[in-house]
Amino acid sequence: MSSQADELDLEHEQFQPRQLSPVETLRHSTAHLMASAIDQLFPGTKFAIGPHIDNGFYYDMELATPLTEADLPRIEEKMREIAKGNHKFEQFSLSREDAKKWADDNGQPYKAELIDGFTTPTVSFYKHGAFTDMCAGPHVNYSSKLKHFKLTTIAGAYWRGDEKNAMLTRVYGLAFESKEELEAHLKLLEEAARRDHRRLGKELELFSITQEFGGGLVLWLPNGAFIRKQIEDFWREEHLKRGYEILFTPHVAPLSLWDRSGHTGFYKDSMFAPMDVEGQAHQVKPMNCPFHIGCFKNRQRSYRELPVRFAELGTVYRFERSGALHGLMRVRGFTQDDAHIFCTRDQLESEINGCIDFAQVMYSTFGFPEYKVELSVRDSKNKGKYLGTDEQWETAESALVNVLNARGVTFKRMEGEAAFYGPKIDVKVVDAIGRVWQLTTVQVDFNLPERFDLHYIGADNAHHAPYMVHRALLGSIERFFGILIEHYAGDFPLWLAPVQAKILPISEKFLDYAKEVEAALKAKGLRAKLDLSDEKLGYKIRKAELEKVPYALVVGGKEAETQTVGVRKRHQGDLGAMSIDDLAARMLTEVAERSRGV
Ligand SMILES: [Zn+2]
Ligand SMILES: [Zn+2]
């Protein structure tokens, strides 16, 4: 869903009779409290909307002088002062005309515009202390209930989410029912900031995204590119083991292909504008599916060769508004770890089951023991948004449900979250600090095979349409890398680390032996790097630590004499002297095991 639609929903919600949970009520009431404080400190502020959100609230407003984060403590202090006044939140209603007059008299043009959109004869207001706000409620009874809050950030937001409108100031805050919950959340935010993949991406030289080279377009720097290569090598190896065949397909296709697949009809908002190629419109690909269909269609297929499993690390391009872009997590060009399985109706459930098995191998390899499953079905009240018949949707849905039930997996049913061509299973993993990330999707599709006139020759010698399963295990490699950086806090396990060991000679005198160590480790296939700087040992150790190199190997006179190295392991400290062979054996075992607890 676009951010614009989110905002319109919130705006709609705040002025309709609604049910809020106690904590949502508390959060929304804190938005009113903040508005009252800002109204006192910055008279003349024009308020727009102030809904509750996860963990807190925000309020959008227009101020005569721009607000900065340095103003937040002062606003917070004023909020506490007003809260302590123990004002009652009082509801009253005005006719539409009187409400409009209220907005005009109080210099509140955004409220006036909202009133113009209302169809009800009366408009609801809430007042606490000297502050009145137009609102359907509900609120806490008294302002003294609002205790555990903190203002966090200021951002820009277009009125009604439309960039043609005025840019308003959005102030975000947190609010919880207890001090402990607020403190725990602040700690989580601090930990998340320490792990922020954008900061670590810069510090560890993993990737770069700049306006100069295009918003949402990723440059993979050598360190990040190396980790990606490791992930991709592993991914390919595992696919070949499981009977997949690897494909490469183009990045552009005639627009007519996307008409046929239904993408121009159902997916247009996420696609870049077409380009002209000798008078024929071409489209940069938002998905890989039609190409894999093309590979299946390349020749006649027999039931004997089904299932056919095609996999590709396929780079796609999707239009995202610049405001929605976020580091590696939301980009405009990304590589899906995509696959399409063509099978018979009878094979459908075992193929879906195989995808879930495969996904679990990925989670355990990358250290995500916990995950959550969702079943996304179509919005039964809005069938026009989807292709296919009721019977097709029911068949596909029952195949997905049967697999989940047979595995004993508990799942959440998500109405209206299906793809336009079929229902799907989505799996989200839980990271090292408890955040949830969507990775895997397994989708059943009966539409594209029909649209592209796919068939195989059955045992009866007749033509049959195959079922198609779309699946991605990691989602997009870019986003998955962003998640991994934060999950590991940049401390990549040994099999992924671009440099596995740094050799630190105590002084220049031991350079020859240090080079011997480097050559010996490299000969075993390990990634060793010699620190040639003439800095002191302490500095070299600290630098290796900042670079998050898993092993630091100290080399001096004693080590040269005994043909050993002084081993320091990240997070474990000094492991003492080891022979080069022992160290190499230890590292190779660690590489082979791949996974690591975080
Ligand atoms: Zn309210
Ligand atoms: Zn697909």
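Quick note: residue numbers are just sequence positions, from 1. Quantities reported herein were computed from a predicted structural model and do not represent experimental measurements. All ligand and atom numbering here is 1-based and tracks the order in the structure.
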message: Take a 6.0 Å sphere around NZ of Lys147 and say whether it holds more than 12 heavy atoms from other residues, nucleotides or ligands.
response: no
message: Looking at Lys84, I'd like to know if its NZ atom is crowded, meaning that more than 12 non-hydrogen atoms belonging to other residues, nucleotides or ligands lie closer than 6.0 Å.
response: no
query: Which of the N/O/S atoms in His470 sits closest to the Zn ion (ligand 2)?
result: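 Output for this pair reads ND1.
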query: After noting the C-alpha distance and the side-chain angles of Thr249 and Lys285, does the key distance pass the side-chain hydrogen bond (donor to acceptor under 3.5 Å, both in side chains) rule?
result: CA-CA 10 Å; Thr249 66; Lys285 69 173 165 184; 3.1 Å; yes
message: Working to 10°, measure the angle at the Zn ion (ligand 1) formed by atom SG of Cys135 and atom NE2 of His28.
response: 110°
task: State the atom name: nearest N, O or S atom of His139 to the Zn ion (ligand 1).
output: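 This turns out to be NE2.
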message: Against Glu351, only a single residue in Arg471, Arg242, Arg309 fulfils salt bridge (Lys or Arg N to Asp or Glu O under 4.0 Å); can you say which?
response: Arg309
query: Does the shortest distance from the Zn ion (ligand 2) to an N/O/S atom of His292 fall below 2.8 Å?
result: no
